[in-house]
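Each remark here refers to the structure printed beneath this line.
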Amino acid sequence: MNAPDWTPAAAGDTSRRLFVFNGGFLTQGRIRRILTLAGYDIRLGKPGPDDLIGVWGQSPTSGRGEAVAERTSAAMIRVEDGFLRSVLPGRSGEPPLGLLIDDLGVHFDPQTPSRLERILREDPLDDAALLARAKEGIARLRRHHLSKYNGHDPALPVPAPGYVLVVDQTAGDASVRASRADRNRFLEMLFCAREDHPHARIVIKTHPETQAGHRPGHFTAADGDCLDGPLSPWHLLEGAIAVYTVSSQLGFEAILAGHRPVVFGQPFYAGWGLTDDRMPIDRRQRRLTKAQLFAAAMIKYPVWYDPYRDRLCSFETAMDTLEAEVRAYREDHQGWVAAGMRLWKRPFVQRAFGQHRPVIFDDTQPTKRAAQTGRKVMAWGTSTAGPDVTRVEDGFIRSRGLGAALVPPLSLILDRSGIYFDPSRPSDLEGMIAQSDRLGHAERARAERVIALLTQHGLSKYNTGQSDPLPHPDRTCILVPGQVEDDASIRLGTTEVRTNAALLAAARAANPDAVILYKPHPDVEAGLRPGQIAATEADIVLDHTDPIRALSAVDAVWTMTSTLGFEALIRGKSVTCLGAPFYAGWGLTTDLGPVPDRRMARPDLIALVHACLIDYPRYFDPVTGRPCPVEVILDRLIRDEIPRPARRLRLLSKAQGLLAGYAHLWR
């Protein structure tokens with residue numbers, strides 16, 4: 001769902017000249033680009049009567065544009081950040097994810113009705129599909145703890161439930177001025193909260209920009225119990241018995257969380273029957289549901305931007321982007337000490353996990369180094385032991401090319417509990433699969449779209465191999481994927497059947513009349529890893545064959561722990577497992593090997609795919625260098641927009657293959 005919902009009320013069908021008198025419109029590339037895509041041709045100079053003037057909200061520089069508009073009779077639009085802005089506040093230098101472009105007013109100033117108010121007053125807001133999207137959007141914000149700014153940590157504890165939450169804002173903020181509020185108004189709000197709830201704890205939530213030291217708030221520590229840590233607003237709202245605000249966006253989120261906030265200003269969300277208004281707005285008489293309010297404010301009003309494809313997009317696509325960026329910040333901002341990383345892996349590990357604080361590589365004393373620098377420890381696979389070590393591995397949609405050939409990955413996995421290929425202990429992935437029955441309709445629909453992209457375009461983990469035509473026998477046809485025999489998934493995830501020859505023998509014994517196709521592992525074919533066999537039990541050996549083309553020619557797959565079994569499930573093939581791969585034991589495979597008893601959940605394929613391909617891995621866009629959602633990687637693969645590995649890595653890969661060939665001769 002990528003089509004934008006926003007339509008330019010002032011721009012019409014053609015680009016309109018937009019004259020600006022604030023340098024930020026010219027120097028901040030993201031803002032300028034969104035306006036251009038929205039149909040505005042940014043100019044300097046004197047506008048004519050048919051032109052437009054752009055100003056930033058009610059900022060100190062907006063008076064310039066207002067004065068020119070009055071002299072020239074040119075129409076004016078006001079621009080503001082969207083209600084989901086970025087990871088950190090704008091003063092940190094991070095660009096916005098979307099804009100609010102308003103040809104009538106500005107959403108936080110009730111003196112002149114804004115475009116948003118007109119939508120809330122006049123739009124039917126009764127479309128079932130729109131309201132379903134709104135309900136899913138609310139659930140998604142809460143699930144991922146997303147807000148306008150997202151530098152908070154959902155893992156931090158909040159006060160014990162039963163408190164009253166009083167929301168502070170930055171001094172001099174335009175939305176505070178528009179509500180005619182000052183410090184005295186905030187103190188009045190605090191007094192009322194105490195009077196209304198004499199026996200409850202009153203806590204004050206400071207603004208993120210105040211926490212970051214950018215701008216002071218209205219309250220100080222002398223005024224009460226200030227919460228100035230990066231606490232999740234959603235956790236705070238869950239524990240509150242009442243919420244008091246002047247005009248903060250947290251009041252809007254309080255409505256979404258089920259509160260009826262007490263509002264001492266006149267923000268956009270006041271006056272629709274969802275708030276206790278201490279400064280009512282007489283013209284707002286309509287009664288709305290929180291889904292209708294959300295649909296107007298988050299879906300219909302903003303202009304959302306897709307930074308990977310450089311185009312406007314839907315609210316849901318913008319959420320995909322923000323989720324990826326917020327996840328990267330939350331996992332990486334404390335910093336990492338990395339152990340067990342081969343030299344060739346270190347540059348992409350640094351790019352992937354070091355954007356907020358550089359990764360330190362230390363194979364000797366990583367735990368001590370982490371304690372000294374306030375970082376966490378990560379290690380590749382099972383290379384480093386320790387109770388507080390986060391495991392790193394390639395994701396299930398890895399690259400166009402082999403890891404053993406030193407092709408950098410497009411996705412990586414961080415697992416704090418264990419690692420997906422080790423069934424001897426729980427992993428983060430197991431937890432995600434076990435809880436996948438909680439997915440909403442939109443999340444399931446997203447997984448279905450991912451499945452469709454994978455199947456329609458023949459995408460796999462490595463996306464290699466030839467696509468020559470394959471035989472289609474008139475008997476049952478079984479694919480047996482070979483594996484790297486010293487791979488950790490075989491060492492940790494199998495018992496009796498641990499070699500490719502034994503796997504083929506087991507498949508033949510159980511299916512004597514079937515046509516068995518054996519596909520060697522690409523790393524083995526390239527001479528980079530052990531596992532080459534004669535494959536005498538196979539009827540056909542598929543050398544250098546595209547694995548997805550091989551799947552299309554068979555009815556079933558027999559495997560030890562190969563990821564190809566997961567790809568077979570996605571394509572509707574029956575899968576028999578002789579080991580305990582991550583996708584076994586959930587009721588979707590025939591399991592001949594022992595699987596953990598703890599795998600009691602029974603997800604369907606859609607839920608399994610959501611856990612394995614959306615929730616578990618982190619993806620990295622090779623074009624923009626940004627954290628990204630899975631859809632961007634699939635799009636890059638489909639469009640063949642994956643840059644080739646650096647020349648030094650290609651040369652190193654060739655040398656590695658040559659050395660592996662000599663090692664085979666020496667054994």
Side-chain angles (χ1 to χ4, degrees), residues 55-60 62-63 66 78-83 85 89-90 100 102 104-121 147-149 164-196 204-210 214-220 223-224 233 237 242-256 259-286 288 293 296-297 301:
V55 300
W56 189 265
Q58 291 181 349
S59 67
S62 63
E66 292 166 355
R78 295 187 186 271
V79 183
E80 270 283 346
D81 291 328
F83 297 128
R85 189 196 184 281
L100 308 176
D102 202 309
L104 300 179
V106 64
H107 68 87
F108 55 74
D109 188 351
Q111 303 308 310
T112 302
S114 66
R115 175 64 58 181
L116 174 56
E117 183 174 329
R118 178 172 290 185
I119 294 171
L120 290 166
R121 282 207 331 249
S147 184
K148 183 173 184 177
Y149 308 120
V164 174
L165 184 65
V166 176
V167 184
D168 195 9
Q169 294 175 249
T170 55
D173 185 76
S175 73
V176 174
R177 294 198 311 270
S179 287
R180 303 187 299 282
D182 55 15
R183 173 169 161 78
N184 289 332
R185 187 67 168 162
F186 277 81
L187 290 174
E188 177 190 353
M189 175 174 66
L190 181 60
F191 174 81
C192 290
R194 288 171 173 157
E195 286 287 301
D196 295 343
I204 299 170
K205 173 67 176 72
T206 57
H207 192 277
E209 289 193 349
T210 303
H214 295 312
R215 292 195 288 177
H218 293 87
F219 294 120
T220 67
D223 296 315
L237 292 170
V243 178
Y244 287 70
T245 183
V246 171
S247 59
S248 169
Q249 183 173 315
L250 195 55
F252 171 55
E253 291 163 355
I255 296 171
L256 305 182
H259 288 280
R260 183 182 176 85
V262 182
V263 180
F264 282 73
Q266 295 180 321
F268 73 89
Y269 52 83
W272 312 108
L274 297 167
T275 51
D276 179 353
D277 299 323
R278 302 301 167 91
M279 292 180 64
I281 304 171
D282 291 339
R283 67 177 181 269
R284 296 182 186 175
Q285 298 294 326
R286 189 180 185 187
L288 299 172
L293 178 67
Y301 183 48

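FYI, side chains are in, hydrogens and waters are out, and symmetry mates aren't considered; it's all heavy atoms of this structure. Bear in mind that the values here come from a model prediction, so they are computed numbers and not experimental data.
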* Please answer whether the main-chain N or O of Arg185 pairs with a side-chain N or O of Asp182 as donor and acceptor at a distance below 3.5 Å. => yes
* Under the 3.5 angstrom rule, does the side chain of Glu209 hit a backbone N or O of His214 as a donor-acceptor pair? -> no
* Any donor-acceptor N/O pair, Ser248 side chain to Thr245 backbone, under 3.5 Å -> no
* N/O donor-acceptor pair under 3.5 Å between His259 side chain and Leu237 backbone -> yes
* Determine yes or no for a side-chain-to-main-chain donor-acceptor pair under 3.5 angstrom, with Arg115 supplying the side chain and Leu104 the backbone. => no
* **Evaluation steps, ring-ring contact (aromatic ring centres under 6.0 Å, His included), between Tyr301 and Phe268** => CA-CA 12 Å; Tyr301 183 48; Phe268 73 89; 8.1 Å; no
* With side-chain contact (heavy atoms from CB on, under 4.5 Å) as the test, would you mind laying out the steps for Leu116 and Tyr269 before giving the verdict? => CA-CA 10 Å; Leu116 174 56; Tyr269 52 83; over 6 Å; no
* **Name of the residue among Arg283, Arg118, Arg284 meeting side-chain contact (heavy atoms from CB on, under 4.5 Å) with Pro113** => Arg283
* To do: Can you measure from CG (Leu187) to CG (Asn184) and round to the nearest 0.5 angstrom?
  => 6.0 Å
* Are a donor atom and an acceptor atom from the side chains of Ser147 and Glu253 found within less than 3.5 Å of each other? -> yes
* Any donor and acceptor pair, going by atom type alone, linking the side chain of Arg286 with main-chain N or O of Trp272 inside 3.5 Å? -> no
* Measure the shortest side-chain to side-chain distance between Asp102 and Val79 over non-hydrogen atoms and say whether it is less than 4.5 angstrom. => no
* Do Leu293 and Leu120 have side chains that get closer than 4.5 Å, going by heavy atoms? -> yes
* Go through Arg180 and Gln266 one step at a time and tell me if the side-chain contact (heavy atoms from CB on, under 4.5 Å) criterion holds. => CA-CA 9 Å; Arg180 303 187 299 282; Gln266 295 180 321; 3.7 Å; yes
* To do: Just do the side-chain contact (heavy atoms from CB on, under 4.5 Å) check on Leu100 and His107 with the steps written out, would you?
  => CA-CA 9 Å; Leu100 308 176; His107 68 87; 3.5 Å; yes
* Minimum heavy-atom distance Ile255-Pro261, with the two atoms named -> CG1-CD, 3.7 Å
* **Asp109/Arg177 under salt bridge (Lys or Arg N to Asp or Glu O under 4.0 Å): CA gap, chis, key distance, verdict** => CA-CA 9 Å; Asp109 188 351; Arg177 294 198 311 270; over 6 Å; no
Donor-acceptor contacts under 3.5 Å from residues 189-196 side chains, at least two apart:
residue : atom : partner : partner atom : Å
Arg194  : NH2  : Asp223  : O            : 2.7
Asp196  : OD2  : Tyr244  : OH           : 2.6

* Answer whether the closest heavy-atom distance between the side chains of Ser114 and Val106 falls below 4.5 Å. => no
* Structure fact -> For Thr210 and Gly217 the tightest heavy-atom approach is OG1-N, 3.6 Å
* Asked: What about the rings of Phe264 and Phe186, do their centers lie closer together than 6.0 Å?
  -> no
* **Exam field: side chain Asp168 to backbone His207, donor-acceptor pair closer than 3.5 Å** => no
* Structure fact -> Of all heavy-atom pairs linking Ile281 and Gln285, the shortest is O-NE2, 4.5 Å
* Which atom pair, heavy atoms only, marks the closest approach of Ala296 to Ile119? -> CB-CG2, 3.7 Å
* Compare all side-chain heavy atoms of Pro208 with those of Lys148 and state whether any distance is below 4.5 angstrom. => no
* Side-chain donor or acceptor of Ser179 paired with backbone N/O of Val176 under 3.5 Å -> no
* To do: Inspect the contact between Arg78 and Glu66 and indicate whether a charged nitrogen and a carboxylate oxygen are less than 4.0 angstrom apart.
  => yes
* To do: Determine, step by step, whether Val166 and Lys205 satisfy the side-chain contact (heavy atoms from CB on, under 4.5 Å) criterion, reporting the C-alpha distance in whole Å, the side-chain angles of both residues, the deciding distance to 0.1 Å, and the verdict.
  => CA-CA 6 Å; Val166 176; Lys205 173 67 176 72; over 6 Å; no
* Asked: Side chains of Met279 and Val263: does their closest heavy-atom pair fall under 4.5 Å?
  -> no
* To do: For residues Gln169 and Gln249, determine if any side-chain heavy atom of one lies less than 4.5 Å from a side-chain heavy atom of the other.
  => no
